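Everything on this sheet refers to the single structure shown next.
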Amino acid sequence: MAKDGKRQVDSYTIQGTNKVVQVGDCVLIRPSGTGKPPYVAKIEGIKDDIRNNVKVGVRWYYRPEEAKGGRRQFHGTKELFLSDHYDEQSGQTIEGKCIVHSFKNYRVLGNVGADDYYSRFEYNPTTGDFTPDRVAVYCKCEMPYNPDHLMVRCDRCTDW
């Protein structure tokens, strides 16, 4: 047990469910206001104390509208940005599990579920910087690929 009276644990069962989360899992966190979508975070650590109060260390994902510059035409509806913003949350705020895929894996998903998301950028909320700071653009529209829109093959360059 650490000096703060908390000990590292391997997993946590989401209250009211039989779903177990572990370090490395992505979770949906209950939003502070009604009508807002849940926050998405990656679990970095799990601790509990002698009273079984569970705290999860999380690394936040941001939605495009929460980032500098806001949502743009090429951002998909399920796009998230992994940030360097770390925090500690009560385990009781976890609503469920989700999966944040790489952009490459998301594009080939046969069936995108309600709890499937993707990330192709890392985001620094303090500076507003993105990594990478640019992505490949496509011939006709000069915009990065948005998986929500059908891309057609260009007759001239044969790019999709």
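Fair warning: this is a prediction, and the values are worked out from it, not measured in the lab.
The minimum heavy-atom distance linking D10 with I46 is given by the pair O-CD1, 4.1 Å. A pairwise comparison of heavy atoms in G128 and K68 identifies CA-CD, 3.9 Å as the closest pair. Contact record, S32 with Y39: OG-OH, 3.6 Å, taken as the closest heavy-atom pair. Scanning all heavy atoms of the two residues, the minimum distance from P38 to E95 falls at CB-OE1, 3.6 Å. Nearest heavy-atom pair, G70 versus H75, reported as atom, atom and distance to 0.1 Å: O-CE1, 3.7 Å.
In the hydrophobic clustering of this structure, V54 groups with I14; members are Ile, Leu, Val, Met, Phe, Trp, Tyr whose side-chain heavy atoms approach within less than 4.5 Å, directly or through other members. Put simply, V27 and Y12 are part of the same group of oily side chains (I, L, V, M, F, W, Y) that touch within less than 4.5 Å, one to the next. Tracing side-chain contacts under 4.5 Å through hydrophobic residues (I, L, V, M, F, W, Y), one never reaches L80 starting from F74; they form parts of separate clusters. Linking Ile, Leu, Val, Met, Phe, Trp and Tyr whenever their side-chain heavy atoms come within less than 4.5 Å puts V56 and V21 in one cluster. L82 and F103 are not part of a single hydrophobic cluster, where members link through side-chain heavy atoms under 4.5 Å apart.
Note that CH2 of W60 is 10.0 Å distant from CD of E66, once rounded to the nearest 0.5 Å. Atoms CG and SG, from L28 and C98 in turn, are 4.0 Å apart once rounded to the nearest 0.5 Å. Y123 contributes atom OH, which lies 14.5 Å from atom CZ of R63 (distance to the nearest 0.5 angstrom). Rounding to the nearest 0.5 angstrom, the gap separating the CD1 atom in I94 from the OG1 atom in T17 is 9.5 Å. Note that the CG atom of N124 and the OG1 atom of T131 stand 8.0 Å from one another [nearest 0.5 Å]. For the atom pair SG (C26) and CG (D115), the distance works out to 11.0 Å, reported to the nearest 0.5 Å.
Counting heavy atoms from C-beta on, the side chains of K42 and V58 never come closer than 4.5 Å. At a threshold of 4.5 Å between non-hydrogen side-chain atoms, the residues Y106 and S119 do not count as touching.
A salt bridge links R59 with E122: at least one charged nitrogen is closer than 4.0 Å to a carboxylate oxygen. Ion pairing of R71 with E65 is present here, as a side-chain N (NZ or NE/NH1/NH2) and a carboxylate O approach within less than 4.0 Å. One finds no salt bridge joining D116 and K78 here, because no Lys/Arg side-chain nitrogen approaches an Asp/Glu carboxylate oxygen to under 4.0 Å.
By the 30° and 60° cut-offs, the orientation of the rings of F121 relative to F130 is perpendicular.
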Under the criterion side-chain hydrogen bond (donor to acceptor under 3.5 Å, both in side chains), I'd like the reasoning laid out for Y118 against E79: C-alpha separation, chi angles, the key distance, then a yes or no. CA-CA 5 Å; Y118 71 91; E79 186 160 7; 3.1 Å; yes
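The distance between the ring centers of Y62 and F81 does not fall below 6.0 angstrom.
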